[in-house]
Amino acid sequence: MARAELLAQGIEADAVDSTQLVLSELVGNSVRAYGDCVPLVVEVYVLSNGVAVNVHDPDPGTLPRRRATPLDSAEAEAGRGLGLVDLLAPGWRVRRSAIGKQVRCRVPAEPGWG
């Protein structure tokens with residue numbers, strides 16, 4: 001759904017792919033931490049300088065943690081997700097929200113308007 005809407009908004013395919021990967025990693029982290037039935041709120045919208053991705057989950061106390069797994073590790077099966085988010089959406093942050101907490105980030109992109 002996010003892909004179709006971002007493409008319709010004129011976001012370039014590479015930025016859409018990056019947004020999908022960031023969104024997948026953030027949602028996957030929440031599901032791994034809290035289980036398949038965790039209530040999530042996901043926001044994806046176009047900004048003047050990129051695509052905002054916000055994922056809310058109900059636990060304000062458990063913060064995402066980066067692992068020391070190198071992005072180019074051939075042996076690792078997991079643990080690179082937040083490293084990918086760092087790469088694709090630098091400066092991501094976590095804040096408390098009315099739901100619990102919100103992981104916020106921006107994937108740089110140039111809208112294809114006009």
Side-chain angles (χ1 to χ4, degrees):
M1 190 169 23
R3 178 178 190 74
E5 185 59 30
L6 291 173
L7 289 171
Q9 293 290 323
I11 301 298
E12 294 179 355
D14 287 346
V16 172
D17 292 343
S18 294
T19 300
Q20 282 189 285
L21 182 55
V22 166
L23 182 58
S24 174
E25 291 298 332
L26 296 179
V27 168
N29 284 348
S30 290
V31 170
R32 277 186 295 283
Y34 308 111
D36 293 343
C37 296
V38 63
L40 298 177
V41 174
V42 174
E43 300 173 285
V44 178
Y45 52 93
V46 177
L47 303 167
S48 62
N49 60 350
V51 178
V53 176
N54 303 328
V55 176
H56 303 256
D57 69 47
D59 187 355
T62 303
L63 300 177
R65 293 176 301 170
R66 290 174 186 88
R67 293 185 185 164
T69 307
L71 289 176
D72 61 353
S73 171
E75 293 81 38
E77 292 184 23
R80 294 177 277 202
L82 291 178
L84 290 171
V85 174
D86 283 337
L87 183 66
L88 298 172
W92 63 273
R93 61 195 181 282
V94 180
R95 70 177 199 170
R96 290 187 186 269
S97 73
I99 295 170
K101 76 169 167 291
Q102 176 189 62
V103 179
R104 302 175 55 104
C105 63
R106 180 187 58 83
V107 176
E110 292 289 327
W113 303 321

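Keep in mind that what you see is a predicted model, and the values were worked out from it rather than measured.
With rounding to the nearest 0.5 Å, the separation of CG in Leu88 from CG in Leu23 is 12.5 Å. For the atom pair CG (Leu6) and OH (Tyr45), the distance works out to 12.5 Å, reported to the nearest 0.5 Å. Interatomic distance, Leu84 CG to Leu26 CG, rounded to the nearest 0.5 Å: 10.5 Å.
Between His56 and Glu43 the shortest side-chain heavy-atom distance falls below 4.5 Å. The closest side-chain heavy-atom distance from Asp57 to Ile99 is not below 4.5 Å. No side-chain heavy atom of Val53 sits under 4.5 Å from any side-chain heavy atom of Trp92. By the 4.5 Å heavy-atom criterion applied to side chains, Lys101 and Asp59 are counted as neighbours. Contact check for Glu5 versus Val44: no side-chain heavy atoms found under the 4.5 Å cut-off.
Of all heavy-atom pairs between Pro60 and Gly100, the closest is CB-O, 3.3 Å. Annotation for Ser30 and Val38: closest pair O-CG1, 4.1 Å, computed over non-hydrogen atoms. Between Arg106 and Asn49, the closest heavy-atom pair is NH1-O, 2.7 Å.
By the rule that hydrophobic residues join a cluster once side-chain heavy atoms approach within less than 4.5 Å of another member, Val85 and Val41 end up as members of separate clusters.
For the pair Arg104 (side chain) and Arg95 (backbone), a donor-acceptor distance under 3.5 Å is absent. A side-chain donor-acceptor contact under 3.5 Å links Thr19 to the backbone of Ala15.
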